[in-house]
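Keep in mind it's a predicted model, so treat the numbers as computed, not measured.
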Amino acid sequence: SLNGVTYKKAFTEVVNLAMNEGGVTQSARKLLHTVLQQIVLASMDLFGPLSEAVDKETSPRFCGVDLASWNNKARPDAISFQVNQPNVFLSGIGIYQTVKDTSCDVEVLVKDQEDRWKTVLNHSSQVKKSQSQGHINRILFKNPLQLTAELQYSIKLQCYSSTLVHGNSKHPITFVTGPDGISFTFHDCVLSSSGTNIKEGQIPFLIYKTQLNEEVKEFGSNERYENVTLQLMDLITSQSVKVIKNSSGLSHYIKLS
């Protein structure tokens, strides 16, 4: 990667090219774009992923909560879903309050091209009983799962205790969004044998992260980003050249650097 000394040499080369050619050449513009790209990537390494620690929750799948218990009888609850954008990571789910402290197994599956379910994540978690009616527990995965936009996934929940409540809706809710506008579409799932579906049951919301750095990593190959950067660099370089031409001392210093 580029360091501070290399940045100075690169900018010096660009200014000299501009002065010798009477304007900002294409090679100079490309060089500046590369320098700026390296600065962005270096800042990513310094500060880490832009949204690494941010968990977001979708809006609820249900309009209300039924105070009747949900007896899964050791049968799995499951729901299928799709996400509409790339660079989204599934990091957990919500489940309703359990009757007692218990363990839960979560399996995430994806439907392949042959319409078969393939397991892509397994997670086991201990869930504590809550004293508040209607409380929702959050199960967070150790390693979030990167989702592919428009692929169909399924979450299968095996909870070894009944829950005190369950969600329900008079009219099925199949479309929910997160606080950043990312949308998830839900479908009934054949893997659900305890009654969870788009109208009632468990898994009231999903927990996810977004990886904004992927947009930044496309910086060098995305034409829209490149054009904006080159326009900005044209302006910076042309103004620098004007200042340098008005100062023979600075011009001499830069040409010797």
Side-chain angles (χ1 to χ4, degrees), residues 54-84 88-109 117 119-145 147 152-209:
V54 179
D55 280 316
K56 307 169 188 177
E57 296 176 2
T58 65
S59 53
R61 291 203 306 117
F62 307 113
C63 293
V65 174
D66 193 322
L67 299 183
S69 64
W70 186 263
N71 189 352
N72 55 36
K73 297 180 181 179
R75 295 179 301 185
D77 292 284
I79 195 73
S80 296
F81 72 94
Q82 294 167 289
V83 65
N84 72 327
V88 176
F89 293 74
L90 183 68
S91 54
I93 62 171
I95 69 167
Y96 290 108
Q97 174 188 355
T98 55
V99 174
K100 60 182 180 180
D101 293 353
T102 188
S103 60
C104 292
D105 294 326
V106 180
E107 183 179 5
V108 183
L109 307 95
W117 289 109
T119 301
V120 288
L121 183 147
N122 281 298
H123 176 84
S124 296
S125 179
Q126 295 295 314
V127 177
K128 297 291 185 180
K129 175 186 175 182
S130 172
Q131 298 302 315
S132 59
Q133 189 74 7
H135 176 76
I136 296 178
N137 289 300
R138 289 160 178 78
I139 296 178
L140 294 176
F141 306 148
K142 182 177 180 181
N143 297 307
L145 173 69
L147 304 175
Q152 189 168 354
Y153 293 87
S154 176
I155 297 175
K156 186 164 72 171
L157 169 67
Q158 180 68 74
C159 192
Y160 298 97
S161 169
S162 299
T163 61
L164 295 179
V165 299
H166 65 275
N168 65 11
S169 298
K170 184 176 181 180
H171 301 289
I173 297 176
T174 59
F175 181 85
V176 300
T177 60
D180 52 6
I182 291 176
S183 63
F184 296 80
T185 304
F186 290 93
H187 313 273
D188 289 342
C189 182
V190 296
L191 301 177
S192 181
S193 57
S194 188
T196 287
N197 52 40
I198 58 174
K199 191 174 181 179
E200 63 177 349
Q202 291 295 321
I203 317 174
F205 58 77
L206 304 183
I207 305 171
Y208 68 96
K209 300 174 184 286

- Item | Distance-only side-chain donor-acceptor flag, Thr196 / Gln202, under 3.5 Å | no
- Message: Can you confirm whether Cys159 sits close enough to Val127 that some side-chain heavy atom of one is under 4.5 Å from a side-chain heavy atom of the other?
- Response: no
- Pairwise distance CG(Leu191) to OG(Ser80) - rounded to 0.5 angstrom: 6.5 Å
- Task: Please report the C-alpha distance between Ile155 and Val106 in whole Å, then the side-chain angles of each, then the deciding distance to 0.1 Å, and finally whether the side-chain contact (heavy atoms from CB on, under 4.5 Å) criterion is met.
- Result: CA-CA 7 Å; Ile155 297 175; Val106 180; 4.0 Å; yes
- Taking C-beta and beyond as the side chain, do Asp55 and Lys209 meet within less than 4.5 Å on heavy atoms? yes
- Walk me through it: do Tyr160 and Lys100 pass the test side-chain contact (heavy atoms from CB on, under 4.5 Å)? CA-CA 9 Å; Tyr160 298 97; Lys100 60 182 180 180; over 6 Å; no
- Report the distance from atom CD1 of Ile93 to atom CD1 of Ile207, rounding to the nearest 0.5 Å. 8.0 Å
- Task: Show your working on side-chain contact (heavy atoms from CB on, under 4.5 Å) between Phe205 and Val176 and close with a plain yes or no.
- Result: CA-CA 9 Å; Phe205 58 77; Val176 300; over 6 Å; no
- Message: Working to the nearest 0.5 angstrom, can you tell me the gap between Leu147 CG and Phe89 CZ?
- Response: 8.5 Å
- Item | Heavy-atom pair of closest approach, residues Phe141 and Leu90 | CD1-O, 3.6 Å
- Taking atom CD of Gln82 and atom OG1 of Thr174, what is their separation to the nearest 0.5 Å? 10.5 Å
- Message: Let's go through Val83 and Leu206 carefully: what are the C-alpha distance in whole Å and the side-chain angles of both, what is the deciding distance for side-chain contact (heavy atoms from CB on, under 4.5 Å) to 0.1 Å, and is it a yes or a no?
- Response: CA-CA 11 Å; Val83 65; Leu206 304 183; over 6 Å; no
- Task: For residues His123 and Ile139, report the shortest heavy-atom separation together with the two atoms involved.
- Result: CD2-CG2, 3.7 Å
- Nearest-0.5 Å distance that lies between atom NZ in Lys199 and atom OG in Ser169: 9.0 Å
- Message: For the backbone of Ile198 and the side chain of Asp188, can you confirm whether one donor and one acceptor N or O come within less than 3.5 Å of each other?
- Response: yes
- Task: Name the orientation class of the two ring planes belonging to Tyr153 and Phe81 (parallel below 30°, tilted from 30 to 60°, perpendicular beyond 60°).
- Result: parallel
- Say whether, by atom type as modelled, one donor and one acceptor occur between the side chain of Asp105 and the main chain of Gln158 under 3.5 angstrom. no
- Using a 4.5 Å cut-off on heavy atoms from C-beta on, say whether the side chain of Cys104 contacts that of Leu157. yes
- What heavy-atom pair brings Gly201 and His166 nearest, and what distance separates the two atoms? O-CB, 3.7 Å
- Task: Give the minimum heavy-atom separation between Asn197 and Arg61, together with the two atoms involved.
- Result: O-NH1, 3.1 Å
- Salt bridge present between Asp77 and Lys156 (N-O < 4.0 angstrom): no
- Shortest non-hydrogen contact from Arg75 toward Ser194: O-CB, 3.6 Å
- Rounded to the nearest 0.5 angstrom, the CD1-CZ distance for Ile203 and Phe62 is 8.0 Å
- Message: For Asp180 and Tyr208, which I'm curious about, is there any donor-acceptor pair between the side chains at under 3.5 Å?
- Response: yes
- What closest approach, in Å, do Phe184 and Val88 show between heavy atoms, and which atom pair accounts for it? CZ-CG1, 4.1 Å
